[in-house]
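Working notes, beginning with the structure itself.
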Amino acid sequence: MQTDVLAGLNPAQREAAEHIEGPLLIVAGPGSGKTRVITHRIAYLVRVCGVSPYRIAAVTFTNKAAREMRDRLERLLGGRALELTSGTFHAFCASLLRRDGQLAGLDRSFVIYDQEDQQSLLKRAMEEAKIDPKRYALGSVHAAISQAKSVLLEPAGYATTVKSYYEEVVLRVYERYQGLLAQSKALDFDDLILRAVRLLEQSPEVLEKYHSRYLHLMVDEFQDTNVAQYALARLLASKYRNVCVVGDPDQSIYSWRNADIRNILSFQKDYPDAKVVNLGENYRSTRNILETAKNLIAPNKARIERDLWTSKDPGPPIVVMEAHTEGEEAQMVVEEVERLRKREKVRLGDCAVMYRINAQSRALEEACLRFGLPYRLIGGLRFYQRKEVKDVIAYLRVIQNPYDEVSLTRIINTPPRAIGQRTLQDAAAWARDNNLPLYAGLQALVDRGGDGVLNARSVAAVERFLTLMVGLREEASKMGVADLLDLVVERTGYRQYLMESSDGRGEEQWENVRELRGQAVEVQELVEEQGLEAFLEKVALVSDVDHLDDSKDALTLITLHQAKGLEFPVVFMVGMEEGLLPHARSMDDPAELEEERRLCYVGVTRAQERLYLYHAFRRSMMGGSVPGVPSRFLQDIPRELIATSTTARVPSLSGMAGRPGRGPMDATAGGNGRGTASQAVPLKAGDHVTHKQFGEGIVVSCVAAGADHEVTVAFKGNAGVKRLLLSFAPLEKAG
DNA sequence: ATGTTTATTATTTTT
DNA sequence: TAATAAACAT
């Protein structure tokens, strides 16, 4: 039985899986079988140690990771896997607060505010606190408040840490913001964690309830936890101390979201008896890729040196290429993808292009479109952030919780129903003066016929709106969410509003609403009651990567951040330039620079078989075009691992001597060719060759480049001078 | 109340 | 550049 469950684990993995009593820290390098260890450890607990899955909680950062864990566990445990508590920190806390939050004065039907909701409430808080939005950027105040919450500081606690005038301002906004949240019966993402921690700290009954249930706690991606999340984990584990955390400090790329790698040190301090297991064997990448990764991460100072190894073959060399512009860079990627597909039988779905910023996806999308290459763009304009999706959700939220002011103000005049800025502003001010929530204030104003604040027309408009919402609220209890959604879009005229909108995107927007409805159907079928609450919770805590559908064969375009946790046989990293990776904003802070390096490391370690690194000679940024200096990170890759570098070498005969980079005619070189045409004897200058696409040409030069040869060929006709990699290019020596 | 023009500002975004 | 927000005019 015992050997059964842990069969196939290497000694370190087995050691981790078998350590079930007391604290455990698993430092898991990329591709070291982390998820495998977690799932097998749980299976071991259940099948060998007889622990009920009901008494195990596994916390992750993404719904996707949680689902993957559950799926894999189902294969090991069957239906019993469903008894396990697995989910994100936020989902865990939301259900904890939904269940027991009343003890802390929380309304059962609280809504969860996302980034956008938070910012619009914050904007109001800043207005009310009379803070000049020009001097104090919304984003930075938001970040400061979020950071305070992430270290468990409520306004009162934050007040004691205030040292500068700026922080004084933040405090004033923070207080106001919390007031508005409370009034809206809303929690932001940070509140979910913070309030859960406070509840467990302050209510012995609730703490005991969770203690008696959870015997074992596991935390995945521990390097990404913030102080509050770690505090939560510690509280939950304080009775049995059976806490297992898994992470990799080298893959910490979310410090800007208050993740604190020091939690790993804190863990060892808090649990001096913690067993530490290192998972260093990599099962994902070829040796060349792993060596590249190791050399890339090595220069970081704030780092514990760690060995990574693989028994895999070296595999193909890393390809480093320079393109002239980002357009050419994208084209080179697409052409290489096509080549791999045709010559190497690589599936499109096995390839991913990774970049630092979303704006870079544009050139890639265009190239894909031009070449008719199916692609899948992750992130970008995210589904749940789309206006039409948020509008419909806002209606449902107000139905569930009319105190939700952010949603209420969002929909009160969408579609336009003659309740303009002015009316709303006056009504909101009146409500505030009378100490009423907005919804109640509107009601009271209507009852008083405007009370001298609103004119008759506005009163009539508001009354119509309130009647509409009251009607919907009545119906809500009688039907499932999907049906309710249908009723909402019809009765409010929202569907018509979309379809008649002038911008011509109506159809597309309506499609998105339909998609949202599809998810409502899913919830409706899953839950016994109407499922409104479940649906709203789901859409609040779900992200787009979560339903990354890998059903269709398409090239994946993804940011480096989002790529964490994924793997692809072929990875293209584009924009390997100073200012982009590392990003310009991170270049003057050594700590941030180290995070950029980790980001680069994360990208590289996604690759299983082939890795391509591209940089451009010039890149358009914010209108203008700036010279692209190859990223400093490229310098850290040993030359012998690289197939070719076209950087700073140029054929002199084309009359561009002295200019780094590639000639303007050279638009397609490097992306074409075939991987099978390696020749025993390298070509020499003067040899006549033929190329499948470019036709006849004469070899200008042939120089060794790593294990390969770089051939410069002058082709006849308009193909011009090209530099090709001997092992890739379909060159044939002509007789 | 709403459509139009000008100004502003550009990372990453697990939840 | 291009997307969005605020100011402005209708």
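Every value quoted in this text rests on a predicted model; they were computed, and no experiment measured them. Side chains included, hydrogens not; waters and symmetry mates left out as well; all remaining heavy atoms used. Letters go in sequence order (proteins before strands), and every chain restarts at 1.
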| note | Here the pair of heavy atoms bringing A:E405 nearest to A:Y113 is N-OH, 3.7 Å
| remark: To the nearest angstrom, the CG-P distance between A:D588 and B:dT11 comes to 15 Å
| Counting only distance, no hydrogens or angles, is the base of B:dT15 paired donor-acceptor with the side chain of A:R257 under 3.5 Å? | yes
| query | Between A:Q385 (CD) and C:dT4 (P), how many Å, whole number? | reply | 11 Å
| task | Go through B:dT14, B:dT12, B:dT11 for me and flag the one nearest to the A:K564 side chain. | result | B:dT14
| query | Can you tell which of B:dT13, B:dT15, C:dA2 lies closest to the side chain of A:L541? | reply | B:dT15
| remark: Whole-Å distance, A:N226 CG to B:dT15 C1', equals 11 Å
| field | A:K149-A:Q178 side chain donor-acceptor pair, cut-off 3.5 Å | value | yes
| task | Identify which nucleotide among B:dT14, B:dT13, B:dT11 has an atom closest to any side-chain atom of A:F61, counting heavy atoms from C-beta outward. | result | B:dT14
| message | Out of the candidates A:E326, A:E578, A:E329, only one should pair with A:R619 under the salt bridge (charged side-chain N to carboxylate O under 4.0 Å, His left out) rule; please name it. | response | A:E329
| Of all the choices, B:dT15, B:dA1, B:dT13, which nucleotide is nearest to the side chain of A:F189 once you look at every atom? | B:dT15
| query | Rounded to the Å, how far apart are A:I357 CD1 and C:dA3 C1'? | reply | 14 Å
| request: Stems involving DNA chain B: give each as a range paired with a range, ordered by first number, where a stem means at least three consecutive Watson-Crick or G-U wobble pairs under 3.5 Å. | output: B:1-10 with C:1-10
| query | Roughly, in whole Å, what's the span from CE in A:M69 to C1' in B:dT14? | reply | 14 Å
| remark: Per atom distances to the A:H583 side chain, the nearest of C:dA2, C:dA6, B:dT11 is B:dT11
| message | On the nucleotide B:dT15, are OP1 or OP2 found under 4.0 Å from the side-chain N or O atoms that A:K149 carries? | response | no
| request: Provide, to the nearest angstrom, the distance between the CD atom belonging to A:Q119 and the P atom belonging to B:dT13. | output: 15 Å
| query | Looking only at heavy atoms, which two atoms of A:S252 and A:D224 are closest? And how far apart? | reply | CA-OD1, 4.1 Å
| request: Could you verify whether a donor N or O on one side chain and an acceptor N or O on the other, from A:N401 and A:S109, lie under 3.5 Å apart? | output: no
| request: Validate the cation-pi geometry between A:R234 and A:Y230: distance from NZ or CZ to the six-membered ring centre under 6.0 Å, angle to the ring axis within 45°. | output: yes
| d(CE, A:M621; C1', B:dT11) in whole Å | 10 Å
| message | Please classify the nucleic acid contact of A:K123 as base, sugar-phosphate, or nothing, using heavy-atom distances under 4.0 Å. | response | sugar-phosphate
| Going by number, which of residues 109-117 of chain A have a non-hydrogen atom under 4.0 Å from DNA chain B? | none
| query | Quick one: on DNA chain B, does A:P416 or A:T88 contact a more 5' nucleotide (nearest heavy atom)? | reply | A:P416
| message | Show, in sequence, the C-alpha distance, side-chain angles and deciding distance for A:T556 and A:R376, and conclude whether the side-chain hydrogen bond (donor to acceptor under 3.5 Å, both in side chains) test is met. | response | CA-CA 5 Å; A:T556 299; A:R376 170 194 311 125; 2.9 Å; yes
| said: Please classify the nucleic acid contact of A:F89 as base, sugar-phosphate, or nothing, using heavy-atom distances under 4.0 Å. | reply: nothing
| message | We want to know whether A:D391 and A:Y494 form a side-chain donor-acceptor pair, criterion being a heavy-atom distance below 3.5 angstrom. | response | yes
| query | Taking CG from A:L377 and P from B:dT13, how many angstroms apart are they, rounded to a whole number? | reply | 11 Å
| query | Distance check: side-chain N/O of A:Q562 vs OP1/OP2 of B:dT12, anything under 4.0 Å? | reply | no
| query | A:N358 side chain N/O closer than 4.0 Å to the phosphate oxygens (OP1, OP2) of B:dT13? | reply | yes
| task | Using salt bridge (charged side-chain N to carboxylate O under 4.0 Å, His left out) as the criterion, point out the one residue from A:R386, A:K390, A:K387 that pairs with A:E116. | result | A:K390
| remark: Closest to the side chain of A:N413, out of B:dT2, B:dT12, B:dT14, is B:dT2
| query | So, A:W256 and B:dT12: ring centres less than 5.5 Å apart, planes less than 30° off, yes or no? | reply | yes
| task | Assert yes or no for the condition that the ring centre distance of A:F89 to A:F92 is strictly below 6.0 Å. | result | no
| said: Can you see whether A:R70 engages A:S86 through a side-chain donor-acceptor pair at a distance of less than 3.5 angstrom? | reply: yes
| note | Ranking B:dT12, B:dT14, B:dT11 by distance to the side chain of A:R585, first place goes to B:dT11
| remark: With the side chain defined as heavy atoms from C-beta on, A:N63 is closest, among B:dT13, B:dT15, B:dT14, to B:dT15
| query | Of all the choices, B:dA1, B:dT13, B:dT12, which nucleotide is nearest to the side chain of A:T423 once you look at every atom? | reply | B:dA1
| said: Check this one for me: any side-chain N or O of A:S586 less than 4.0 Å away from OP1 or OP2 of B:dT12? | reply: no
| query | Any side-chain N or O of A:R362 under 4.0 Å from OP1/OP2 of C:dA3? | reply | yes
